[in-house]
Amino acid sequence: MPRKGQTLRFNLLAMFIAIIILQTSIPLIGYIPIGPLSITIISATVVIATILMGTLDGAIVGGAWGVLTFIRAFVWPTSPLATIVFVNPVVSVVPRILIGVVAGVTYQALRKRFKRQSVSISIAAVLGSLTNTVLVLGLIYVFYRANAPQLYQVNIKELLPYLLSVVGTNGIPEAIFCGVVAPLITLPLQRMLKGRL
Amino acid sequence: MQNIIEVNKISYNYPERSLLFDNLSLNVREGEWLALIGQNGSGKSTLARLIDGLLVLKSGAITVDGLPVNDENINEIRNRIGIVFQNPEDQFVGATVEDDVAFGLENRQVPREQMHEIVEKSLKSVGMWQFRERIPANLSGGQKQRVAIAGIIALHPKIIILDEATSMLDPQGRNDILQLVRDLKEDNHLTVISITHDIDEAAGADRVVILNQGQIIDENTPDGIFAQPQRLKQIGLDAPYPAKVIEALSRRGITSDKQYMNDEELIAWIKQLVSRM
Amino acid sequence: MSNFIFGRYLPGHSWIHRMSPQSKLLLSFYFVIVIFFANNGYSYGLLSALIVFVILMSGVSIAYFLKGIRPLIWLIVFTVLLQVLFSSGGHVLWHFGPFSITDQSLINGGFIFIRFLLIIMISTVLTLTTTPLAIADGVQTVLKPLKKVKFPVDTLALMLSIALRFVPTLMDEMETILNAQRARGVDFGSGSLKHRVKAAVPLLVPLFTGAINHAENLSTAMEARGFSDSEHRTKYRLYKWQFRDTISWIVFLLVGGLVLVFRKY
Amino acid sequence: MDKAISLKNVTHTYQANTPFAQNALDNVTLNIEKGEFTAIIGHTGSGKSTLVQHINALLKPTTGSLNVLGKVITPTTTNKNLKAFRKQVGMVFQFPEKQLFEETVIKDIMFGPKNYGATDEQARHSAEHAMKLVGLDHSLSNKSPFDLSGGQMRRVAIAGVLAMDPEILILDEPTAGLDPRGHNEIMDLAKYLNQQQHMTIILITHQMDDVVNYATNVVVMDQGQAVKIGPPDTIFTDLDWLRKMQLDLPSSAEFARKLESAGIAFDQLPLTVNQLVDRVAQLVGKKAAHE
C-alpha cells in the first residue's frame, strides 16, 4: 500500500504543473498587464504549492515553471526579454526553483512565530517573489556583463541598464501581488487538505 | 450462495469526525446484484472504499473472496474488485482512451504484448474500440464511464462496485451504462454492488440495503423495500413511481391493501378496477 | 488563445510524423545547438535548406507555419532592431546618441532574423507532428540514463502525462468560473491595479480548489486500479527506433559537421 | 403579460471566420413572459447553455438581437454596458459550489451585491435574506464554505446569486448530483421564487418529471435551434419526434403508455401523477356511475 498521502501528493504536483502550463498560455490567469509592465502571478502559484506541500515540492513546481519558461523562450517567446535572457537555462530555471526554497524555508521559520497564518504566508510569498527578481537580475548581470556568447548575439552590454530596470520595476508589484494574494488563496486550500497529506 | 464479501462488525470514522460506522455487518453473496441506497452522507461510498482497502478500518474485519482486507492482500483484493466512481472526469488517468484502459495493466506490470490484446478486447466489450485514440476532452460523460468500465474489465475482476457511477450522466447515458453493466455481469459472472440514490437503479437489483447515518436500517428484495414508501421518504429517498400512483389514487378514495406493486402488478390492478366497476 | 502546447498537433502519417518522439526531441535540441555555431551565410543557407526540406517532409502545409510566425513577427523585428541599433564594430553608417548602425550590425541583424525563423520552424515541426503524450514519452526515454543516479524518471513522466491530460479540463473549468464570477458582477481585465489583484482571487481560489478535488478523486481512483509505485510499471506504448530515425540522424549530423567546417570561411 | 426576454433571429457562431466555425445558436427567435417558469430541454450539445449565456449577457449574438427586461443587446453592444444586464439576470451554473472562494459563507454571499455597488450593510442584509430563502441556518454565516457538506455548499452558491435580487433566475441543472431530498428542496425553492416572489425562472434540465411538475413553458433545443416552444402538454405529444430529439418521456406518460397497451385508453397523454390518477379515477368513477 502506498504511504498515506503519497498518491495524493503525486497528483497534486501534476495538477500544479497543469495549472502552470495553463497560466503560461492564458494571459488572464498568468499575467496582469499594467501599463507597459506585465507582472506575473505564476510566482504566487509556486508559493502556494510550497506552503501546501512543503519546500521540496514547491521547488519542483518552481522548476517546472522554469523549464516551461526556457522552452517557451525558443518556441513561443512573449517578450524580447525572453528571447534574450530566458534562452539561458540557468537564468530561466534556477531563480524559479529558489522561489520554492526561499518561501518554504521562510514559512517554516515564521509559522510558529506569528499567531496569524496569513502573516507568515504573506512574508514567505514576498521573499519568494523577490528571490526570483533578484536572481534573474543578478544572473543577467553575471552572464551578460562580459558579452558572453549567447543565442541571438545581441549586444547586451549596452542593453544591460534597460534589462535590469525592466526586471526591477516588474519585481516590486509582483512581490506586492504575491504578498496580498498568496494567503487569500492558500488558507482555504489548507482547510480543504487538512490532515490528508 | 456463497458470500464473496463479508463485512464483520466494523467501525470507522474520518479524522476529526464522530464515528460513522459502529459495529456494522453486511454480507454480499457471490453473483448477486446488491443495491446500497441512502442519502448523501449516509456512508455508502465510505463502505465501498473500506471494502477496497482505500480507507483503513478502525476495528472489525472485512474479507473479500476469502481474503482479509489488509496491507498484505491489498493487491489481490484490488485485482478482484473494480470500482466505477461518480465523476467520469476524475478517474480518467491516461492521455487517450487506450492508454487509460492500459493504466491498471501497467500498474500490475503486465507485459506489453499481452496488454495490447487485453486493451482491444476490453474496449470492444464496452463498444469503445473505435474511440481508442480519443482524448478525454472529446468524450461525453457516458463514454468516459464506458472507458472506466473497460479499464476494470481488463483486469478480470469478480466484483464491480458502481459508486454513484450514473449520477452525473443524462438519462440516456444512465440507461446505457446500467444496461452495459447488466450484460457484462451475465457474461462474466460478476457480483455487482451498486451504490445509488436512484430508486429506478435500485429496482433492478436482487437485493436492496438501506444505509442511513452509518447504519443498515433495512435489507430486502426491491419489492419488499418499496412496500414502505413512507419510510423511504422519511430518510430522504424518493418513493418509486408505482407507489406514488397508489398514494395518489388512495387520496381519491381508491384504496389498495398494498402500498407498493411493481409496474405489472399495478397495471393489472388498475385494469381490474376499471373493468370491475 | 495563444496556446502553445495544445491544439497544435496535426494528425498525419508523414516521414516526420512516424519518427520516434525521442529522435525528434533530441534532433530539435541538436539543431538549436548547431544554429549556435553558425556564423556565416553558407551555414545559414545550409540550415535554411535543411529546415525547408524538413517542412516538406512533414506533409504540413506551409501556410500553417506562416500563420504560426505571424503573431511573433513584431517581437522578432524588435529584437533584430535592438541588435542593429546597439552593435558596435564595422563601418558606422548612422549615428545618434547611444544608437549606431554599422554595416556589421546590419549583417548580424539579418543573421539573427534567420536564427529566429529557424528555431521557431524546428519547434513548430516538432509540435505539429507529435502529440503532447508522445513528447512526454520522448522526454521519458531521453532522460532514462538518469535512472542510474536514482532520478525518478518514470514518476516524472507519468506526472507530466497526467498534467497534460488535465490541462484541457482545467481550462474548461476556468472558463466556467470566469463566467460565473462575471455573472456575479466581476470585471476582469480592466480597472486599477488594486482592482485587478482583487479580481484574481475569485478566479484563482476556485481554480485551485477544483484542481485539489481532481487530485483527491484521481488518487482514490488510481489506487483502486492498483497504482502504488510509479517507478515499477510496465509501459503500454513503445516508440521503437526505426530506420527512418537513423537516416534522419545521419542527415542532421552531416549538416552539423558542414556548419563546423564553414566556420573557418 | 409583459415580455421578460425576447430573442430575434439570434445566431451565435463560435470561432467565426475560421475553418472550425460552428453555429451554436442558429436563428433563434423566442419570447418569454414575465413570471413564467420556462424549462429548456434538449440533448447535450443542442445549444441550451449558449442560449442562456446570451440571456445573461455573457455572450453577445453574432447576428440578431435580444431584449432582456427592456434593454437591448446587439452584436455591437459594448462590453461595458453588459454589466447592467447581468444584475437583473441571476445565473446559477452547473455545480455552482465550484465558484465559492471567500473566507466565510456570509462574505461569499455578499460578494455579488457588493460588486453591483451595495454597501456592506445592504449586502449583509441581502445575504442574510438569501440564506433564509435557501434554508441555510444563520449559525453557518461565519463558517468557511469549505467546511460545509456538498449540499450546503450548493445552497451557499445559490444564495450568492439570489442576494443580487435578480428579476430573472437561470438555473442550469441545479440538482445534478444531489440526493432526492436535496433535489426536491432546490426545485421547491425555484417554485417558491416563481410563485411567491414572481421571479421569472429559466431551468435547464434533463429530467422530464421536473419539466412537467414545475414548468409552465418549454423550449426544446436541437442543433442550435429552438425547434418547439409551448406549454408542456403541447410538447410531449409526438413520441416519435421526442425520440428523434433524444428526449425521454415523463414517468407518468411512460406509464400511461403501458396502461394503453393494456387496454386503458387516455384521450390525452397524462404528464403528471395527478393527471394520470385523475383519468383513472374518472374511468373507475364512470363505471361506478353506470351501475
Side-chain angles (χ1 to χ4, degrees), chain B residues 45-46 48-49 51-55 71 74-96 98-116 118-119 132-133 135-139 144 148 151-152 154-155 157 161 163, chain C residues 3 5-7 9 11 13 21 130-138 140 154-155 157-173 175-176 210-240:
Chain B
S45 298
T46 308
R49 283 162 168 71
I51 291 172
D52 202 41
L54 293 162
L55 296 170
D71 274 13
I74 200 72
N75 288 331
E76 280 305 306
I77 303 272
R78 288 180 187 164
N79 281 342
R80 284 166 172 71
I81 302 177
I83 309 184
V84 188
F85 292 92
Q86 179 179 27
N87 191 337
E89 196 66 35
D90 288 352
Q91 49 191 318
F92 206 113
V93 189
T96 70
E98 52 182 329
D99 287 286
D100 187 61
V101 177
F103 177 75
L105 300 166
E106 292 175 325
N107 290 335
R108 288 165 176 85
Q109 306 194 38
V110 175
R112 183 184 293 122
E113 308 76 56
Q114 288 172 32
M115 258 196 269
H116 282 268
I118 301 172
V119 167
R132 62 188 173 280
E133 286 174 5
I135 61 167
N138 297 337
L139 297 173
K144 280 180 210 158
I152 283 166
L155 302 167
I161 302 180
D163 186 358
Chain C
N3 199 330
I5 287 195
F6 287 92
Y9 172 68
H13 296 281
T130 323
T131 62
L133 173 69
I135 293 180
D137 283 334
Q140 182 177 13
D154 294 338
T155 307
L158 185 64
M159 194 182 281
L160 187 60
S161 117
I162 290 174
L164 290 171
R165 177 249 167 282
F166 269 91
V167 168
T169 306
L170 292 175
M171 183 133 62
D172 279 354
E173 285 179 359
E175 242 172 80
T176 308
I212 289 180
N213 275 328
H214 287 308
E216 287 192 319
N217 294 337
L218 192 64
S219 301
T220 309
M222 281 168 65
E223 285 179 12
R225 292 174 71 182
F227 175 80
S228 61
D229 178 355
S230 45
E231 288 293 312
H232 295 96
R233 306 172 72 240
T234 45
K235 209 158 160 42
Y236 176 68
R237 284 188 185 270
L238 174 68
Y239 299 94
K240 273 201 199 119

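Predicted model, so just to flag it, every value in this text is computed and none were measured. Convention: sequence-line order gives letters A, B, ...; per-chain numbering from 1.
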Quiz item: What residue, out of C:Thr131, C:Ile162, C:Thr220, has the most heavy-atom pairs lying under 4.5 Å from chain B?
Solution: C:Thr220

Quiz item: Taking the side chain from C:Thr234 and the backbone from B:Val110, do they hold a donor-acceptor pair closer than 3.5 Å?
Solution: yes

Quiz item: Counting only N and O atoms by type, is there a donor-acceptor contact under 3.5 Å from the side chain of C:Arg165 to the main-chain atoms of B:Val93?
Solution: no

Quiz item: salt bridge (Lys or Arg N to Asp or Glu O under 4.0 Å) with C:Arg233: which residues, sequence neighbours excluded?
Solution: B:Glu106

Quiz item: Using non-hydrogen atoms only, which part of B:Glu133 is less than 4.5 Å away from chain C: side chain, backbone, both, or neither?
Solution: neither

Practice problem: To the nearest 0.5 angstrom, please state how far the CD atom of B:Glu89 sits from the CG atom of C:Asn213. | Solution: 13.0 Å

Self-check item: Atom of C:Phe166, atom of B:Asp90 and distance for their closest heavy-atom approach
Solution: CE2-OD1, 4.1 Å

Practice problem: Just give me the residue among B:Gln86, B:Glu113, B:His116, B:Gln91 that pairs up with chain C most often, heavy atom to heavy atom, under 4.5 Å. | Solution: B:His116

Exercise. Locate the shortest heavy-atom distance separating B:Phe85 from C:Ala221; write the atom from each residue and the value.
Key: CE1-CA, 3.6 Å

Quiz item: What is the minimum heavy-atom distance between C:Tyr236 and B:Glu98, and which atoms define it?
Solution: OH-OE1, 2.6 Å

Exercise. Might you point out which heavy atoms bring B:Arg112 and C:Lys235 nearest each other, and give the distance in Å?
Key: NE-O, 3.0 Å

Practice problem: Could you give me the CA-CA distance, side-chain angles and deciding distance for B:Thr96 and C:Arg237, then say whether side-chain contact (heavy atoms from CB on, under 4.5 Å) is met? | Solution: CA-CA 11 Å; B:Thr96 70; C:Arg237 284 188 185 270; 3.6 Å; yes

Quiz item: Contact part of B:Val84 toward chain C, heavy-atom cut-off under 4.5 Å: side chain, backbone, both or neither?
Solution: neither

Exercise. Calculate, to the nearest 0.5 Å, the distance between atoms CD and CG belonging to C:Glu223 and B:Asp52 respectively.
Key: 9.5 Å

Self-check item: Which portion of B:Ile152 sits near chain C, non-hydrogen atoms under 4.5 angstrom
Solution: neither

Exercise. Heavy atoms only: give me the nearest B:Ala95-C:Leu133 pair and the separation to one decimal.
Key: CB-CD1, 3.6 Å

Exercise. For B:Ser45, enumerate each residue passing the side chain to side chain donor-acceptor pair (under 3.5 Å) test, keeping only those at least two apart in sequence or located in another chain.
Key: B:Asp163

Quiz item: Can you tell me how far the CG atom of B:Asn75 sits from the OG atom of C:Ser228, to the nearest 0.5 Å?
Solution: 6.0 Å

Exercise. Give the intermediate values and the outcome of side-chain contact (heavy atoms from CB on, under 4.5 Å) for residues B:Asp100 and C:Arg225.
Key: CA-CA 11 Å; B:Asp100 187 61; C:Arg225 292 174 71 182; 3.3 Å; yes

